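Note sheet for the following structure.
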Amino acid sequence: MSLEDTFIIFMKFIIPLYLLAFVIYAIRAFRGPTIPDIILAIDCMSFDIAAFMAILAVYFKSVFLISGAITLALWAYLLDIYIAKYLVSREVGA
Amino acid sequence: MSEVLFYLGAIMIIIGGICDLFGAIGLLRFPNFYVRLHAATVGTIGGAVVPLFGVGFLALGSNFLPHKYAIAGASFVTGIIVLLAAPAGAHALAYAAHKAKLVQWNPKCDHLTEVKKHD
C-alpha cells in the first residue's frame with residue numbers, strides 16, 4: 001500500500017472528528033449568553049478551520065488553501081484584540 | 001526516513017483531532033466564561049497548533065505531493081502564528097470581560113480587583 005492510499009484511508013477517520021468539533025463550537029457560538037463567549041467560540045472555530053484547511057491542502061494537493069489558513073489565523077487574532085479594546089473602553093457591548 | 005516523518009505527522013493530526021473534540025465539548029459544557037477559557041486553550045493549542053505541525057511533517061514525508069516544501073513551510077509558519085496569537089487574544093478577552101463586568105461569577109479571591117484597589 002502506498003503512502004497516498006494510507007492518507008486517503010486516514011482522512012476517513014479525521015474528517016468526522018473535525019466536523020463534529022466545528023458543529024459543537026457553532027452551537028456555543030449561537031447559544032453564548034455573553035459577548036466574550038461568542039467571540040471565544042468564533043476564535044476556536046477559526047483556528048480549527050485553519051488547521052483543517054491545511055489538512056485539505058494535502059488532500060487536494062493544492063498550495064493555495066494554505067494562504068487562506070494564514071489569513072484566517074491573523075483575522076481571529078484581530079477580532080480578539082478589537083473586541084477587547086471596545087469592551088474596555090465601553091463603546092460597544094453591555 | 002520519509003515514512004517515519006509521514007506517520008509522525010499522521011499521529012500528530014489524530015492527537016489534534018481528539019484535542020479539538022475535547023475542547024469543543026468543554027466549551028459547550030463548562031459553567032461560565034472564565035472556566036470556558038481553559039477548554040478554549042485545549043481547543044486552540046492542542047487542536048490547531050499540533051495538527052498544523054503534523055501537516056508540516058506529513059507533507060515533508062510524503063512522496064505524492066507536487067508542492068510539498070511550500071505546503072510544509074506555510075504550515076509551520078501558520079502553526080507559529082497561532083501559537084503566538086491565541087494566548088494573547090484569550091488574555092486580552094479575559095481582561096476585557098473582567099473590566100467590563102460582563103460575566104456573573106462568585107470567586108473566592110479576586111487578585112485583579114485587589115491590585116486595582118491599592119492604586
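Atoms considered below: every heavy atom in the structure, side chains included; atoms not considered: hydrogens, waters and symmetry mates. The shown structure was predicted, so the numbers you read here are calculated from the model rather than taken from an experiment. Numbers restart at 1 for each chain; the letters A, B, ... are given by sequence-line order, proteins then strands.
Closest approach of B:Pro51 and A:Tyr18 over heavy atoms only: CB-OH, 3.3 Å. Scanning all heavy atoms of the two residues, the minimum distance from B:Glu3 to A:Leu3 falls at CG-CD2, 4.3 Å. Shortest non-hydrogen contact noted between A:Tyr25 and B:Gly23 is OH-C, 4.0 Å. Closest of all the heavy-atom pairs between A:Ile66 and B:Ser75 is CD1-OG, 3.7 Å. Closest heavy-atom contact between B:Gly43 and A:Asp48: O-OD1, 3.2 Å.
Only the side chain of B:Ile81 comes within contact range of chain A, with heavy atoms under 4.5 Å apart. Only the side chain of B:Phe6 comes within less than 4.5 Å of a heavy atom of chain A; its backbone N, CA, C and O stay farther away. When heavy atoms are compared at a cutoff of 4.5 Å, A:Ser62 approaches chain B solely by way of its backbone atoms N, CA, C and O. Only the side chain of B:Tyr7 comes within less than 4.5 Å of a heavy atom in chain A; its backbone stays farther off. For A:Ala76, no part lies near chain B; criterion is any non-hydrogen pair under 4.5 Å. Heavy atoms closer than 4.5 Å to chain A are found in both the backbone and the side chain of B:Leu37. Looking at B:Ala86, the atoms closer than 4.5 Å to chain A (heavy atoms on both sides) sit in the backbone and in the side chain alike. Using a 4.5 Å cut-off between heavy atoms, A:Phe47 contacts chain B through both its backbone and its side chain.
One hydrophobic cluster, built from ILVMFWY side chains closer than 4.5 Å, holds both A:Leu20 and A:Ile42. Linking ILVMFWY residues whenever their side-chain heavy atoms come closer than 4.5 Å, directly or via other members, leaves A:Ile39 and B:Phe30 in distinct clusters. Under the 4.5 Å side-chain heavy-atom criterion for Ile, Leu, Val, Met, Phe, Trp and Tyr, A:Val58 and A:Leu72 are members of the same hydrophobic cluster. A:Leu56 and A:Phe22 fall within a single hydrophobic cluster, where Ile, Leu, Val, Met, Phe, Trp and Tyr side chains are chained together by heavy-atom contacts under 4.5 Å. Linking ILVMFWY residues whenever their side-chain heavy atoms come closer than 4.5 Å, directly or via other members, places B:Ile14 and A:Tyr59 in the same cluster.
Interatomic distance, CE of A:Met45 versus CG of B:Asp20, reported as 11.5 Å (0.5 Å rounding). For the atom pair CZ (B:Arg29) and CZ (A:Arg28), the distance works out to 9.5 Å, reported to the nearest 0.5 Å. With rounding to the nearest 0.5 angstrom, the CD1 atom of B:Ile71 is 12.5 Å from the CD1 atom of A:Ile55.
The choice from A:Ile70, A:Asp37, A:Ile81 that makes the most heavy-atom pairs within less than 4.5 Å of chain B is A:Asp37. Contact count against chain B (heavy-atom pairs under 4.5 Å) is highest for A:Ala51 among A:Ala73, A:Ala51, A:Ala57. When B:Thr44, B:Leu52, B:Leu93 are compared by the number of non-hydrogen pairs under 4.5 Å with chain A, B:Leu93 comes out ahead. Each of A:Leu74, A:Thr6, A:Ile83, A:Asp43 has some count of heavy-atom pairs under 4.5 Å with chain B, and the biggest count is that of A:Thr6. Chosen from B:Ala74, B:Gly89, B:Gly56, the residue pairing most often with chain A at heavy-atom distances under 4.5 Å is B:Gly89. Put simply, of B:Ala10, B:Ala70, B:Ser62, B:Ala59, the one with the most heavy-atom pairs under 4.5 Å next to chain A is B:Ala10. If you tally non-hydrogen atom pairs under 4.5 Å between each of A:Pro36, A:Ala54, A:Ser2 and chain B, the highest count goes to A:Pro36.
A:Phe7 and B:Phe64 have tilted rings, their planes meeting at an angle from 30° to 60° on a 0 to 90° scale.
Annotation: side chain of B:Tyr95 is in contact with side chain of A:Val88 (closest heavy-atom distance under 4.5 Å). Using a 4.5 Å heavy-atom threshold, the side chains of B:Leu27 and A:Ile24 count as separate.
Within a 6.0 Å sphere centred on CZ of B:Phe22, heavy atoms belonging to other residues, nucleotides or ligands number 12 at most.
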Candidate pair B:Gln104 and A:Thr34, rule side chain to side chain contact (heavy atoms under 4.5 Å, CB included), full reasoning: CA-CA 10 Å; B:Gln104 297 294 324; A:Thr34 61; over 6 Å; no

Verdict with supporting geometry, A:Phe13 and B:Ile13, side chain to side chain contact (heavy atoms under 4.5 Å, CB included): CA-CA 11 Å; A:Phe13 293 102; B:Ile13 290 173; over 6 Å; no

